[in-house]
Q: 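One structure is given below, represented as structure tokens, and several questions about it will come after.
Since we're looking at a predicted model, the values are computed, not measured.
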Amino acid sequence: MKGWMGKFKSLFLLSMLALVLAGCGKENLTALVPKGYGAESSMNLIILSTVIMVFVFLIVILVYTIVLIRFRRKKGQEGYIPKQVEGSKTLETVWTIIPIILVVTLAVPTVAATFDLADESASADGINIEVTGHQYWWHFNYEEEEFATSQDLYIPVGERVYVHMLSSDVIHSFWVPSIAGKMDVNPENVNTMYLEAHEEGVYWGKCAELCGPSHSLMDFKVIAVSPEEYDQWVSDMQNADPEEEPQDAVAQDGKALFEENNCMSCHAIGSAPSAVGPDLTNFANRSRIAGYLEPTKENLVDWLMDPESLKPGNKMTGAYPALSEEEADSIAEYLLQLEHSEITPESAGGL
Amino acid sequence: MSHDHSLNPETMPQEPEKATLEGRNKFYGLWFFLGGETVLFASFFGTYIALRNSTAGGPASTDLFGLGLVFAMTMILLTSSLTSVYAMYHMKNNDFKKMQLWLAITAFLGLSFLALEIYEFTHYIIDYGFTFRSSAFGSAFYTLVGFHGGHVTFGIAWLMALMVRNAKRGLNLYNAPKFYTFSLYWHFIDVVWVFIFTVVYLMGRVG
Amino acid sequence: MSIAATQKRGFGAFLWDYITTVDHKKIAHLYLFGGGFFFLLGGLEAMIIRIQLATPENDFISAGLYNEMITMHGTTMIFLAAMPLLLGLMNAVMPLQIGARDVAFPFLNSLGFWLFMFGGILLNFSWFMGGGAPDAGWTAYAPLSTQSPGHGVDFYVLGLQISGAGTLMGGINFLATIVTMRAPGMTYMRMPLFSWATFITSVLILFAFPALTVGLFLLMFDRMFGSAFFDVALGGNTIIWQHLFWIFAHPEVYILILPVFGVFSDITATLSKKRLFGYTAMVFATILIAFLGFMVWAHHMFTVGLGPVANSIFAIATMAIAVPTGIKIFNWLATMWGGSITINSAMLWTLGFIPSFTIGGMTGIMLASAVADYQYHDTYFVVAHFHYVIVGGTVFGIMAALHFWWPKMFGRILHEGMGKLTFWLFFVGFHLTFFVQHFLGLMGMPRRYWVFLEDQGLDTGNMVSTIGAFLMAVGVVIFLINVFYTWAKGNKAPADPWDGRSLEWAISSPPPYYNFKQTPLVRGLDPLWVEKMEGKGEITPAEPLGDIHMPNSSILPFLISLGFTIAGFGFIFQVDHSAYLILVFAGIGLALLSMLIRSLKDDHGYHIKKEELEREAD
Amino acid sequence: MTNNTNTNHVDSFEKRKKKEEMKKQLISFALMIGFTIIAFIAVAADVMEPMFVVPLILILAVVQVAFQFYYFMHMKDKDHEMPATLMYGGVWAAALTLAGLILIVWW
Ligand code: HEA
Ligand code: HEA
Ligand code: CUA
Ligand SMILES: [Cu+2]
């Protein structure tokens, strides 16, 4: 699949690059500029099939154009009756055989790639992360490393990271277009796929299965860092101290309010297990709030005061006492100090 | 077409059920319908097979099913298939009385089958607390077997209506196809039951 | 009872005539009217979707409403617009093409229509009662559909169950008609391709709909009666729904396309003045597509995690469908080759179809490549694919058929100028709308997204798409004007406006209510053409003039459907209060009573006397 | 309409043919009952491995259903080509449906 495909690929990539430069597609989102193993596999097939399809289409259009030019009824032809042809064995055989050949050309690499991407035999030696899809956020449990995060998934570049996915409610679908294709996150059965990023960076992830009103806002990010940085990040996360008191008074207030307002029943900070809401341990390092909002304090305050207006149907609305602007502000101050590592989305290149 | 197509030995076509266009239409229409029913029941069977071990801690098939009752039900339904064959035999011989008699036996056997099925269901519900809502297995079991039971019920109602309606009229080319299509339908119900006792009860015992 | 007579009687009588009719030609009118209405409704919903997606993070409609909108758009278009329009065409044309006086079961035909219509109305009542329309997508995946609050999904279940039953009846009816009622000499291998397509489509309906019926029952039981098919906590499995749904829904997409393949075959041959190239191959390709169509459903489930073996098998089976479809495309081209092509509105839609559908079909093959589909799945690439085949195929086909058979169905010819204008606006709008969506999908835009975010490179594409949709809407509006214009003062149609080849063109436009005064004798493929070539120009009758047997009209189909619909409301609301069970009993009671009347009361129809037929001028 | 009005007398030949037919049907009935009993015994006796019993009883079921179709429902007779074709079509679609849903169990 590599040799002659390579030529096609470089040609295609060149033209694709032109498209991208013309402003088509955001670099860390589009599937057209693959930055990982799975996405590249898919891209190879996309290119191959596109080439076949363009070829077929051109043939159809060629015949079509000739027909339209030559065989339109001309003036003064009213009584003309063309020869009534029944068919032609040769022709019909030709346009049966050629499509068969083309289809086989596409089918063989498809099957090869399908088995290649389903190969999980090396997962025991790789990094394994449990992914849980919730309406409308993502939870990432680093089981062996014994800590968890939400919304932002950190992975090392160049290694296969196996994600084992299960849903806590309805079906979601885990998709990071630049790195790998998608896989459904079902409630009854763990699905596994692997991510292998080729380049450092922060990549958009999207939920691709209709899961309720805020399906379109169920974004997450994959942060691919160098293996050294990844190890650093893991140890930082493991050593995060949830009890650490904030420095300034406002934030200390916020911490108290956080405890008073029942936030703890859903959100974990540090090692305490939680599954109802996102883990907030490293909240200040989030690339986005609630998956899609710019990580500014105003946005956070808005979120805390009225999550419904930002994410319709989310499960936080109404689950805690109403907050005054001041209270929300203090909590925001506190949350925005929850930072435990130098390795951040920013350091990985930003969104 | 006149209203009276009474059959008598002089005017009887060989296949009264297909002697008229209306009759042929009914004949084909019902056969095609049965083709669709095949897929319908296959979907129920598939669902059942997929869920038959999903007992969610509730009773499983090996706890529930006894073979005696099912054997009796099977014999009854198989026999009713034969009795409807006899009815059709007499229809072709233009013996209306005998046809009605055999049809009556068929209906009676159908009713006995239903009675046993109702007994069976209540038994599971009362003695095992095994209901439609107990588990996915429960839902699938009652749905599959219940839909078959529903088909039996409908068949009996259809048969009764036919018998009563035509009791005074005797056979004619207008109603012969109706009796014939009923018999096809009834055989098909039997076919479905053959798979039910095999897949649900016998395989359920094997585990 | 001729058309003129009905027009003279009052509107009430006219309405009563249609409500009780069992004449396949009038039922066709009903289907076209009902389907057309729902097409406008679905189109309106599409416009609302496109307005919402015109700009990033737009809030023209709320998130919840958006999900209702896409669900109802998809459901309405597929079940209540495209399929009924096709069934209407089949009703109008197929019996004429095979030389029959009616369908096998006229009563059932009417029942099928009313079940569809009432099912559709029931479904759309969800907008006004019970807390909103269904919102789990037209695919209604469990457990989103089982957990969806309010009654929306309940309306979906019962509306589709009722209208689905109607469709199933239609299918069986057409099958029996074609098997038993072909005119003498009309062998299977002389049937026009539209009739063949009707036959094969009916087979698909017969085998595909039961799976939907079962799926809907399971969903209904889970939502209303506490069963646990899709309740994971009690051992349920949500993937069962996906299998059942797609086992139905993939054949369903061929139910949508095969009839228009038939339409295009007949139009291409007629308007190129050539016999269809490779008739036998065309028939077998149709059968092969239907056959393969049942083995590929899991290509909608590549990302479910069925494993590489299943994915590979289904990928290969799916790709195989390119071969018979390709045969069709090339045979159409070969039919035109060497012909003498008249380009009128009907032919324009046909010519527009070929490249559009080819693109849609090819993107289908691209989707079939499982690993590539990991990227395409549930993105706008898929939305683009299926609108290319459905709009570029089914809708173009329906439009072509309407322009082609309008004279036969209504006795008047649609205005050519407006016809062409409609085509060009719609054609350009269609490509504008959907072509960019391929790229939107690949650039990372999943489908069923209420909003797309700013700065993700998706703005321009979406804007273009919305503009295209408006062009389509203008096209549709002009078509409506054309219809009203034609109805008011269109040109009267001759019996055979296009120099036709098949039997429907041998009788007047519109045909008399008994179709053929004498059953025609068919002497070859393209029977009318055969007679024209032999200089006679008219069909030889197969029987002497005699009495014609006709079925009686009946109000019962209407009442049966009404009964089931009332029961449907009862089922939906009995969850809230058991008093609504009264509706269930009353509705089912009405339906059963009507059925009982039907089976107890002999209905032998009536005869048109020979003398009466002789009196009617030719 | 009445296409088939050429009537036949219920002559002795016809009678004999029907008798003959009836005998065949009785034989198939006996076989069906026999198969059923074998299936029940195979399971009740509890001596065979499930690996063998399950295919055995499934085969018995299929064969007995074939009897129902071909003899009781006359699918073997002429004029049943279309019914048979569509029945097999239904069986084909049914088999695929079953395969799909059984796939879930193995998955
Ligand atoms: C009219 C309806 C219609 C038709 C005809 C088709 C036709 C085809 N469809 Fe499509 N499809 C839909 C309606 C339709 N589809 C819908 C509604 C959905 C989405 C449902 C949802 O999720 O909501 C869908 C989704 C869909 C998917 C799932 C995508 C996903 O969700 O991830 C796939 C995957 O394989 C697919 C494939 C195909 C193929 C291979 C064909 C083939 O039949 C096409 C064959 C035609 C050609 C190939 C062109 C002509 C051939 C030639 C000129 C010969 C030479 C060609 C080659 C050698 C390639 N379709
Ligand atoms: C037969 C099927 C069919 C047809 C014809 C169409 C036609 C159209 N569709 Fe549809 N579509 C589907 C079937 C169809 N669609 C399905 C199955 C889905 C998936 C749903 C889901 O995800 O569950 C879908 C989803 C879908 C989406 C994706 C939504 C999403 O994923 O978020 C979009 C977005 O652009 C869209 C647009 C359109 C447009 C612009 C048209 C246009 O072609 C429409 C043209 C028609 C008009 C423009 C009519 C205009 C008429 C008037 C303006 C007059 C109104 C007057 C009165 C009512 C009196 N469709
Ligand atoms: Cu989660 Cu969409
Ligand atoms: Cu499909």
Q: Side chain, backbone, both or neither: which part of C/M533 has an atom under 4.5 Å from a heavy atom of chain A?
A: side chain

Q: With only heavy atoms counted, which part of C/A285 is less than 4.5 Å from chain A, the side chain, the backbone, both or neither?
A: neither

Q: Do C/S369 and A/S49 meet the criterion of a side-chain donor-acceptor pair at a distance under 3.5 Å?
A: no

Q: Please list, chain by chain and in numerical order, all residues satisfying side chain to side chain contact (heavy atoms under 4.5 Å, CB included) with A/T132, sequence neighbours excluded.
A: A/H134, A/H139, A/S168

Q: Most heavy-atom pairs under 4.5 angstrom with chain A, which of C/I365, C/T139, C/L65, C/L271?
A: C/I365

Q: Under 4.5 Å heavy-atom distance to chain A, tell me which part of C/E454 shows up: side chain, backbone, both or neither.
A: neither

Q: Below 4.5 Å from any heavy atom of chain A, which atoms of C/L453 appear? Answer side chain, backbone, both or neither.
A: side chain

Q: Tell me, side chain or backbone of A/L68 under 4.5 Å from chain C's heavy atoms, or both, or neither?
A: side chain

Q: Minimum heavy-atom separation for A/W175 to C/P446, with atom names?
A: CZ3-CG, 3.9 Å

Q: Check whether C/D135 gets within reach of chain A through its side chain, its backbone, both or neither, counting any heavy atom under 4.5 Å.
A: backbone

Q: Any side-chain heavy atom of C/T379 sitting closer than 4.5 Å to one from A/K182?
A: yes

Q: Consider only side-chain N and O atoms of A/D184 and C/T303, and report whether a donor and an acceptor are under 3.5 Å apart.
A: yes

Q: Minimum heavy-atom separation for A/S42 to C/Q375, with atom names?
A: CB-CG, 3.5 Å

Q: What pairs meet the side-chain hydrogen bond (donor to acceptor under 3.5 Å, both in side chains) rule with one or both residues in residues 84-97 of chain A, with sequence neighbours excluded?
A: A/Q84-C/R501

Q: Tell me, for C/A370 versus chain A, whether the close heavy atoms (under 4.5 Å) come from the side chain, the backbone, both or neither.
A: both

